[in-house]
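First the structure, in the form of structure tokens, and then the observations on it.
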Amino acid sequence: MSDTTPNPELERLTAFVGTVRTALGLAEGADTDAINTALTSRLGDAAAAVERAKTIEQTWANEKVDAALRSALTAAGILPDFMEDAMLRAKAVGFVLNDKGEVVTKPDAKDTIPNTSPAAWVQGELKAKAPRFWPTSIGAGAKGGGFTAHSGPDLSCFKGGTMTDQMSMVARVGERAVLDSLKRAGITPPPWLKGGGR
């Protein structure tokens with residue numbers, strides 16, 4: 001057999017190496033060491049570019065999360081002095097971008113409901129845990145000094161009214177509210193209201 005038999009595999013590899021040399025900007029006669037050095041350098045540059053892109057993406061995500069939290073806190077009427085405290089609490093809970101690009105609590109968040117929007121978290125959790133972050137509410141019909149606050153529902157039906165009136169009151173304001181008001185007024189609740197004497 002002759003050594004001059006064409007080897008299609010060898011020809012294909014030689015053509016590929018030539019393409020790699022050209023892509024790397026190497027001379028036609030560059031050996032494998034030169035190719036390896038150039039490839040290592042290019043791969044290092046690519047890895048650095050990927051890391052820079054990840055850093056930029058994370059910075060953007062952090063800014064979007066911060067903006068969403070500040071917006072939710074502002075919309076909820078937080079006192080400006082407590083904005084940074086509230087932001088620290090929010091960061092401790094952990095907010096991220098979900099697959100849809102929405103800001104939500106982490107899926108594995110502890111001590112909070114996972115996948116909750118900032119507005120829902122502020123209304124449902126932060127306001128309950130840190131009420132001092134919000135101004136005390138003053139109603140439009142607030143009265144000045146000397147005004148006695150409303151003490152609860154009208155209990156006159158329990159001082160001689162019909163059972164129908166009493167049940168209607170319970171249906172309107174709830175059993176707990178009626179029981180609390182009767183207790184404050186010193187009126188013994190009827191046995192049916194106590195759940196059959198429980």
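Note that the structure is a prediction, hence the values are computed from the model and not measured. Because only heavy atoms are used, hydrogens play no part in the values below, and waters and symmetry mates are left out as well, while side chains stay in.
Residues Phe133 and Leu79 form no side-chain contact, since every pair of their non-hydrogen atoms from C-beta on lies 4.5 Å or further apart. Ile35 has its side chain within reach of Leu26: a pair of non-hydrogen atoms, C-beta onward, lies under 4.5 Å apart. The closest side-chain heavy-atom distance from Val173 to Val178 is below 4.5 Å. Residues Thr112 and Lys106 form no side-chain contact, since every pair of their non-hydrogen atoms from C-beta on lies 4.5 Å or further apart. Side-chain contact check for Met87 versus Leu73: some heavy-atom pair is nearer than 4.5 Å.
When every heavy atom of Leu126 is checked against every heavy atom of Ala86, the shortest pair comes out as CD2-CB, 3.9 Å. When all heavy atoms of Pro114 and Pro107 are compared, the pair lying nearest together is CB-O, 3.2 Å. Shown here for Thr116 and Ile113, the closest heavy-atom pair between the two residues is OG1-O, 2.7 Å. Of all non-hydrogen atoms in Cys157 and Gln166, the two that sit nearest each other are O-NE2, 3.1 Å.
When the shell of 6.0 Å around CG of Asp31 is examined, it contains more than 12 heavy atoms from other residues, nucleotides or ligands.
From Ser156, atom OG reaches atom CE of Met169 across 6.5 Å, with rounding to the nearest 0.5 Å. Once rounded to the nearest 0.5 Å, the distance linking CZ of Arg176 with OG of Ser181 reads 10.5 Å. Taking CZ of Arg132 as the start and CD1 of Ile78 as the end, the distance is 10.0 Å to the nearest 0.5 Å. To the nearest 0.5 Å, atom CE of residue Met83 and atom CG of residue Leu69 are 9.5 Å apart.
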- Query: After noting the C-alpha distance and the side-chain angles of Leu182 and Leu155, does the key distance pass the side chain to side chain contact (heavy atoms under 4.5 Å, CB included) rule?
  - Reply: CA-CA 7 Å; Leu182 289 171; Leu155 302 175; 4.0 Å; yes

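With Phe95 as the partner, the side-chain contact (heavy atoms from CB on, under 4.5 Å) test is satisfied by one option alone out of Val103, Asp66, Val104: Val103.
Judged by distance alone, with hydrogens and angles left aside, the side-chain atoms of Trp134 form a donor-acceptor pair with the main-chain N or O of Ala76 at under 3.5 Å. For Lys159 (side chain) and Ile187 (main-chain N/O), no donor-acceptor pair under 3.5 Å exists by modelled atom type. Formation of a donor-acceptor pair under 3.5 Å by the Thr40 side chain with backbone atoms of Asn36 is found in this model. Judged by distance alone, with hydrogens and angles left aside, the side-chain atoms of Ser168 form no donor-acceptor pair with the main-chain N or O of Thr164 at under 3.5 Å.
The pair Glu84-Arg70 meets the salt-bridge criterion, since a charged nitrogen lies less than 4.0 angstrom from a carboxylate oxygen. Remark: Lys54 does not engage Glu57 in a salt bridge, criterion side-chain N to carboxylate O under 4.0 Å. Using a cut-off of 4.0 Å between Lys/Arg side-chain N and Asp/Glu carboxylate O, Asp180 and Arg184 are scored as not salt-bridged.
In this pair, Trp192 and Phe158 present their aromatic rings parallel. The plane angle is below 30°, not in the 30 to 60° band.
Here ring pair (Phe, Tyr, Trp, His ring centres under 6.0 Å) pairs that include residues 38-67, with residues two or more places apart or in two chains, number zero.
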